[in-house]
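The structure appears right after this line, and notes come after that.
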Amino acid sequence: MKYASVTDVVRRIKANIDKDYRLQSVAMEGNIMGLKRASQGHYYMTLCDANCSIRAILFRSRVGRSMEQVKDGDHVVVIGAVNVYEKGGTVSLIIERLFSQGIGALQAQYERIKNELEEKGYFSLDHKKDIPPFPWQIGVLTSKTGAVLHDIYKIAAERNPYVWIQLYPIPVQGEDAAPKIAAAIEKASKNTKLDVLILARGGGSLEDLWCFNDPLVVKAIYTSPIPIITAIGHETDTTLADYAADVRAATPTHAAELAFPSIRDIEMNLAVYSQRAYELLEAHIAKWQKEVDQLKACIQPRRYTEFLSLKQEQVRQQRQTAAQKLALHIARKQSLLRETQASLEAMNPCTLVQRGYGQLEQSGRIITKITQIKTNEELQIQLVDGCVKTDVKEVDIYGKNNR
């Protein structure tokens, strides 16, 4: 029986949690227990209610002023993503924001829009498309100035310089950014030459990333026939555009790595496939050679020659027998033909006339009996070379008239 390793099970749990978008942006309330501040500035705690508890971490980059008034035992509202720490095999919540007095108005609006779009099916896993294994033309939607575009070009040059990149510059924040982003996505998705689209932006606050939560952007991503990879904000930032995308990357660099196939990997795969094809061909040739050798062993050339000689003798005898039967049949038919010819010649009237016989006719009738002859009427005697006409004076019938 084959058993799974601990690593396999833990990584399977982590993969399932990472794929569940509902666990990647969780708004949760609870009480803080065991609050500790590490030397690096991170905060470790346990969030609990009356029934359950979960470990939580607030990294230094996310602390800000949110922890100034928070202490052990306080009731807080946190927003974060569920994560699995592989080495320890523990589940924890990576806190993105912490509120000691509830959720702010912008976050409440985020949750409302998220629930509405989720009900419409814009985040359905069944709708998501696979990234092609070898995309060669990539559309990039990001700011034409900034580190994101530089990072994407850098990764493309390192991994595959043969990939063609089409840039669609977009504003990445501001009140009027959302309709422009949606229009750019719609325009890029109509380019049938493109294999993949990358929608990317650097890190920022919830307000900075708000344009990527707009329903216009989410709908444009959902309706695109071309697969879309999103890489918006930091790894812990999750926008509604990420939920609608076919693949969410942690960073723009990660998005580029997903989109651009490594030319070295392609070359290695080709080498592996070539070797595998060569091995399969050799295996088939060896198999066929073995079958040929087996057939040769079964045939045995010496016995095969004897077999052919026997068959040739049988054919010769059959031909001889057939020729004899044909000659006998022809002789019989010739004998029958001669007999038929003799019979016909014997029945030929001309032959009889040539022997001294003649054909008698009277009153247009052929006379076959003497009783048919009438006296005092003309009688015609038909010979080979002419006809004799005579009158009948008297008819003598043998056995009658005293004869």
Side-chain angles (χ1 to χ4, degrees), residues 132-134 192 266 269-403:
F134 302 109
T192 57
I266 294 174
N269 287 337
L270 287 175
V272 171
Y273 294 148
S274 298
Q275 181 64 27
R276 180 58 179 158
Y278 178 77
E279 292 173 354
L280 288 174
L281 184 59
E282 276 196 326
H284 280 295
I285 292 175
K287 177 184 175 183
W288 295 332
Q289 185 62 50
K290 182 178 179 181
E291 292 177 355
V292 171
D293 293 340
Q294 290 175 345
L295 289 173
K296 286 174 62 178
C298 292
I299 291 175
Q300 295 182 0
R302 182 182 60 81
R303 297 184 60 181
Y304 184 66
T305 303
E306 295 175 356
F307 172 80
L308 286 180
S309 300
L310 178 60
K311 290 299 180 183
Q312 288 175 348
E313 179 61 23
Q314 290 177 350
V315 170
R316 187 187 65 77
Q317 292 178 358
Q318 289 175 354
R319 290 179 59 186
Q320 183 178 356
T321 302
Q324 291 173 350
K325 290 182 178 180
L326 180 60
L328 180 59
H329 180 74
I330 292 174
R332 289 176 179 174
K333 293 299 181 181
Q334 288 178 342
S335 176
L336 180 60
L337 178 61
R338 287 193 295 269
E339 292 176 0
T340 303
Q341 184 176 6
S343 299
L344 291 175
E345 289 179 354
M347 296 172 61
N348 188 352
C350 293
T351 303
L352 295 175
V353 171
Q354 290 175 353
R355 292 166 57 188
Y357 296 93
Q359 179 177 286
L360 302 181
E361 293 183 11
Q362 191 176 52
S363 301
R365 295 187 309 167
I366 297 175
I367 304 300
T368 58
K369 296 180 180 180
I370 196 169
T371 55
Q372 295 176 337
I373 299 176
K374 299 178 180 179
T375 58
N376 299 322
E377 287 190 14
E378 183 178 76
L379 179 66
Q380 298 176 0
I381 303 172
Q382 185 70 41
L383 302 175
V384 176
D385 54 353
C387 178
V388 178
K389 297 180 180 180
T390 181
D391 292 331
V392 179
K393 294 182 178 181
E394 184 178 353
V395 177
D396 291 332
I397 300 174
Y398 296 139
K400 295 185 179 181
N401 299 331
N402 298 324
R403 294 183 181 269

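In this chain, residues are counted from 1 in sequence order.
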Taking only residues two or more places apart in sequence or in another chain, which ones pass side chain to side chain donor-acceptor pair (under 3.5 Å) with E377?
S363
Give a yes or no answer on whether the side chain of Q362 reaches the backbone of K374 with a donor-acceptor pair at less than 3.5 Å.
yes
Could I get the full list of side chain to side chain contact (heavy atoms under 4.5 Å, CB included) partners for T371, not counting sequence neighbours?
K369, I397
Once side chain to side chain donor-acceptor pair (under 3.5 Å) is applied, do any residues pair with E361, and if so which ones, sequence neighbours excluded?
Q359
Distance-only check: which donor-acceptor pairs under 3.5 Å involve side-chain atoms of residues 330-342, not counting sequence neighbours?
from, atom 1, to, atom 2, distance (Å)
T340, OG1, L336, O, 2.8

Enter the distance from K393:NZ to N376:CG here, rounded to the nearest 0.5 Å.
10.0 Å
How far apart are the closest heavy atoms of I367 and Q372, and which atoms are they?
CA-OE1, 3.4 Å
Kindly state each residue pair satisfying salt bridge (charged side-chain N to carboxylate O under 4.0 Å, His left out) with at least one member in residues 313-324, sequence neighbours excluded.
E313-R316
Derivation and outcome, side-chain contact (heavy atoms from CB on, under 4.5 Å), residues L360 and I366:
CA-CA 6 Å; L360 302 181; I366 297 175; over 6 Å; no
I373 versus V395, closest heavy-atom pair with distance:
CG2-CG2, 3.8 Å
When the side chains of residues 278-290 are checked against the rest of the protein, which donor-acceptor pairs come out under 3.5 Å, sequence neighbours left out?
from, atom 1, to, atom 2, distance (Å)
Y278, OH, E282, OE2, 2.9
E279, OE2, Q275, NE2, 3.2
Q289, NE2, D293, OD1, 3.1

